[in-house]
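Input: a single structure, listed below in structure tokens.
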Amino acid sequence: MKTFALSALVAAMTVAGTAQAGVTDKDIINDQMTPEDVVTNGMGPRGQRYSPMDKINTKTVKDMRPVWAFSFGGEKQRGQESQPIVKDGVMYVTASYSRVFAVDTNTGEELWEYNARLPDGIMPCCDVINRGVALYDDLVIFGTLDAKLVALNAKTGKVVWKKKVEDYKAGYSITAAPLIAKGKVITGVSGGEFGIVGKVEAYDAKTGKLAWTRPTVEGHMGYIWKDGKKTENGISGGQAGKTWPGDLWKSGGAATWLGGTYDPDVDLLFFGTGNPAPWNSHLRPGDNLFSSSRLAIDPDTGKIVWHFQTTPHDGWDYDGVNELVSFDYKANGKTVKAAATADRNGFMYVLNRENGDFIRGFPFVDKITWAKGLDPKTGRPIYDDANRPGNPANSKDGKKGKSVLAIPSFLGGKNWMPIAYSQDTELFYVPSNEWAMDIWNEPTAYKKGAAYLGAGFTIKPMNDEYIGVLRAMDPKTGKEVWRYKNYAPLWGGVLATKGNLVFFGTPEGYLKGLNAKTGKVEYEFNTGSGIVGSPVTWEQNGEQYLSVVSGWGGAVPLWGGEVAKRVKHLNQGGTVWTFKLPK
Amino acid sequence: MKRTIAALFLSAAVPTLALAAEPDPLESPLWDYMRQQFIGQDPYRFDDRIKVNLPEFAEDPTQVPVTVDAEALKGNIQRIVAWADLNPIQHIFTYYPHPQIIPRVSLRIKVQQGTAIRAAVLTKEGVWHVGGSYLDAAGGGCTTPSAAAGNPYWESHLGEMKSKFFPREQGGRYKFKVIHPMDTGLVDAIPEFYIEQVVVRSDQGDDLARLKLSQPVSENPVITFDVRDNTQKHSVWLRDNGGNEFEQAL
């Protein structure tokens with residue numbers, strides 16, 4: 001009883017201290033090594049999703065149990081892809097339909113909630129999800145489905161500032177967690193299925209004033225604001241038309257819908273860019289920069305420092321937004337400043353993060369048909385032309401091109417769900433899926449606010465027993481060290497810890513803890529609905545806590561073809577589950 | 001503590017104050033509870049000079065015209081708080097009038113059932129003067145979806161304002177209407193979304209009137225103010241709980 005009173009007092013003190021102890025740039029840079037909080041998406045700006053905590057480990061994890069569960073409530077139970085953020089005894093977590101909740105981490109009680117009043121006309125392609133907030137100073141900042149950035153007072157949930165990033169009526173939306181770097185809040189946009197123009201934008205985090213904007217399609221002008229004055233800041237790619245025909249670059253896609261990472265070491269932002277629009281690649285011969293690429297952007301100026309395109313002239317919706325995770329490794333006695341990314345197209349790439357040079361690439365799925373391999377020097381794919389969907393112009397009636405079987409499917413060897421990197425095992429943990437698609441092309445034309453695909457498709461599983469595979473990949477050799485198979489496709493993020501554990505969730509509802517070295521299941525708990533969010537862990541009152549959001553949804557049930565059969569019985573939800581070891 | 005001392009002092013000086021339990025002239029079952037919410041332990045009195053004008057019967061519970069008139073206490077007002085005893089969200093508005101504005105405001109509100117509508121005026125001496133009227137109403141105004149919920153018109157017209165000026169013998173009257181759903185948050189799956197702040201500014205930059213609104217104010221609010229000086233130009237600034245700001249010259 002005494003202990004209870006004392007911990008309640010401590011809790012009250014920490015909660016009261018929240019507003020004073022605003023989040024600083026230093027807190028953000030050091031997030032990975034400060035177990036008492038989680039102030040960034042990715043558990044550190046590099047996005048390693050690694051925690052140095054080991055109280056919950058392969059020996060103790062079997063006793064881990066829930067301490068509280070928090071329901072988002074309402075009738076809005078759709079996909080919950082959020083990663084919780086924790087600071088000073090308060091959890092900030094987002095939910096479907098652009099909602100934010102502040103929850104007391106001791107009790108699971110709600111402190112406040114913010115519900116964006118969304119117009120009916122929002123156009124999210126792939127469920128009404130949100131992936132989380134950013135914290136800066138005393139602000140909680142997130143993006144909405146009607147393409148706005150909203151900054152809330154961390155203590156009250158009241159709006160402090162709000163900025164329109166783009167026009168939702170043209171198909172723009174925001175689902176990713178914003179990123180904070182050097183006092184700026186940095187966001188991308190979604191909408192690649194509607195022929196939008198992708199961009200990365202930086203706003204002053206405290207005031208919401210636009211600092212720079214960088215389009216991700218070649219030919220569009222970037223701008224920077226100096227003393228409140230909008231100034232031209234160079235055309236992305238130098239000029240229009242180098243890698244795009246005609247004026248298709250004007251609606252070229254390359255949405256930056258997954259947000260980005262930041263490495264303070266090399267002082268660069270890393271953003272992935274999505275598919276070029278439309279999907280029908282015969283309409284746009286050329287590499288179509290900077291679609292399906294990784295971009296390194298200077299956080300001060302918004303200039304593109306380097307780029308690496310994983311799928312030039314993408315014809316399969318290998319929408320390469322995938323996160324680029326910075327890590328260092330030793331080779332020949334020297335430290336290599338590397339970064340890795342597991343792409344929608346089925347290849348994993350290790351790049352030099354200082355200059356974007358290709359170090360190595362290797363498949364992380366069992367079969368790839370669209371490319372025969374990667375050029376060992378440049379990493380450029382060696383296409384198998386037989387497996388690019390045929391040009392509809394060559395068909396008899398001009399309406400449907402030849403259908404091909406492409407592996408992986410457009411939902412990707414890996415989709416949005418973030419990988420984790422363990423500093424102990426030096427392995428990447430990649431949530432991947434084994435599926436194929438029949439895909440064919442059709443004619444299409446751009447119309448504002450309308451789907452802009454020019455393709456039809458159907459997805460099919462590669463195996464009867466499983467689609468999802470969590471893989472432990474060695475970035476130095478490209479070898480798979482172990483795999484864990486799951487019946488339904490994996491759609492949630494991964495967390496690695498010093499406790500030699502790897503945590504992730506499954507659509508069947510399980511939070512799983514696997515041995516990081518062997519892949520052995522050391523823990524599982526069913527949360528009652530599918531997990532498509534990313535787990536986090538932090539320390540509170542000397543104990544290690546772990547949270548994950550449960551709530552089935554996302555793109556799979558909306559686009560899933562034959563796959564839908566494997567998931568249609570899964571029920572929706574919307575709950576934060578929080579675990580710890582018993583005292 | 002300070003407040004208690006002030007109250008004791010005032011009670012000695014002004015013996016007519018209803019510090020104990022002056023009966024509610026409207027006999028509302030929630031009077032004591034509402035008083036604690038909005039007035040607390042401050043001294044107060046019921047005062048017929050504070051007028052709350054209402055229609056005899058609210059045919060449309062989502063659009064009930066209300067006029068609060070505190071001209072009797074002009075020049076001596078800190079703020080005016082208006083509420084509806086039996087609404088699920090009671091607070092309607094808090095009004096901070098500048099001396100250059102006549103302390104009278106009209107707007108439309110939503111009511112959930114027949115209820116007492118109150119206006120409590122805090123004077124500079126720290127005493128609340130409470131007026132009120134009973135509204136007979138058909139129910140359901142607060143839990144009916146706004147018309148906006150069924151029509152996307154507001155999405156592309158949010159915050160658009162129309163205003164009119166009516167010169168009067170002394171000063172003049174502004175009436176303005178703004179497009180806003182004013183969702184209460186009590187309807188399933190529609191988050192609360194309403195204008196929280198209204199400021200009327202003179203061309204000299206003075207805030208002539210500051211209004212804090214709550215969810216019961218009707219969809220597409222129509223608000224009427226009276227100014228004393230009709231030679232000045234005025235503008236209005238609004239902010240909703242979603243962080244949207246709107247400004248327009250009147």
Side-chain angles (χ1 to χ4, degrees), chain A residues 72-78 94-101 110 112-123 128 130 139-153 156-165 167-170 172-173 185 203 207-209 448-449 572 574, chain B residues 62 88-89 91 94 110 142-160 178-199 210-221 237-247:
Chain A
F72 298 139
E75 294 179 0
K76 294 180 175 176
Q77 298 195 327
R78 297 283 291 271
T94 60
S96 49
Y97 288 104
S98 306
R99 291 178 290 167
V100 184
F101 294 83
E110 176 172 320
W112 53 256
E113 70 177 86
Y114 173 81
N115 297 271
R117 176 65 162 97
L118 298 169
D120 295 333
I122 51 169
M123 283 185 259
V128 287
N130 184 281
L139 298 174
V140 177
I141 306 169
F142 85 115
T144 64
L145 290 166
D146 58 347
K148 296 185 168 85
L149 268 186
V150 182
L152 306 171
N153 180 298
T156 63
K158 293 266 185 196
V159 178
V160 176
W161 58 257
K162 170 163 148 174
K163 297 289 158 184
K164 175 179 159 182
V165 176
D167 178 11
Y168 72 87
K169 288 176 192 149
Y172 288 89
S173 56
V185 54
Y203 295 78
T207 64
K209 270 196 193 142
K448 183 188 166 186
Q572 288 166 322
Chain B
T62 67
I89 300 165
H91 181 256
T94 301
K110 294 169 271 211
C142 298
T143 49
T144 308
S146 58
N151 180 347
Y153 178 84
W154 69 272
E155 295 171 8
S156 39
H157 297 270
L158 187 72
E160 283 181 11
V178 55
I179 305 290
H180 204 285
M182 299 297 286
D183 290 305
T184 58
L186 300 173
V187 182
D188 271 348
I190 303 174
E192 60 178 17
F193 184 51
Y194 61 98
I195 296 169
E196 282 182 316
Q197 290 168 269
V198 179
V199 179
R210 284 191 297 127
L211 259 176
K212 280 189 193 165
L213 304 185
S214 285
Q215 297 91 322
V217 174
S218 297
E219 181 174 8
N220 302 330
W237 172 88
L238 311 173
R239 188 179 196 264
D240 67 25
N241 69 323
N244 302 301
E245 295 181 18
F246 317 102
E247 189 159 20

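Quick caveat, the model's predicted, so the values are computed rather than measured.
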message = Between Asp183(B) and chain A, with a heavy-atom cut-off of 4.5 Å, which part of the residue counts as in contact: side chain, backbone, both or neither?
response = side chain

ask   = Where does Glu196(B) contact chain A at under 4.5 Å (heavy atoms): side chain, backbone, both or neither?
value = side chain

request  = Check whether any side-chain heavy atom of Pro191(B) sits under 4.5 Å from a side-chain heavy atom of Arg99(A), and report yes or no.
outcome  =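 Not in contact.
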
ask   = Among all residues two or more places apart in sequence or in another chain, which pass the salt bridge (Lys or Arg N to Asp or Glu O under 4.0 Å) test with Asp146(A)?
value =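 Scan of Asp146(A) (salt bridge (Lys or Arg N to Asp or Glu O under 4.0 Å), adjacent residues dropped) gives Lys148(A).
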
ask   = Among all residues two or more places apart in sequence or in another chain, which pass the salt bridge (Lys or Arg N to Asp or Glu O under 4.0 Å) test with Lys164(A)?
value = none

request  = Heavy atoms only: give me the nearest Trp161(A)-Arg239(B) pair and the separation to one decimal.
outcome  =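 So the two residues come closest at N-NH2, 4.3 Å.
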
note = Note: Gly242(B) and Lys162(A) closest approach over all heavy atoms is O-CD, 2.8 Å

query = How far does CZ of Arg117(A) sit from CH2 of Trp154(B), to the nearest 0.5 angstrom?
reply = 4.5 Å

ask   = Measuring from Asp120(A):CG to Glu155(B):CD, what's the distance to the nearest 0.5 Å?
value =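 One gets 5.0 Å once the value is rounded to the nearest 0.5 Å.
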
Proximity breakdown for Tyr114(A) and chain B, heavy-atom pairs closer than 4.5 Å =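 Contact with chain B involves the side chain of Tyr114(A) alone.
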
query = Side chain, backbone, both or neither: which part of Leu118(A) has a non-hydrogen atom closer than 4.5 Å to chain B?
reply = backbone

inquiry  = Could you tell me if Lys158(A) and Asn241(B) have a donor-acceptor pair between their side chains, going purely by distance under 3.5 Å?
reply    =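 Judged by distance alone, the side chains do not pair up.
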
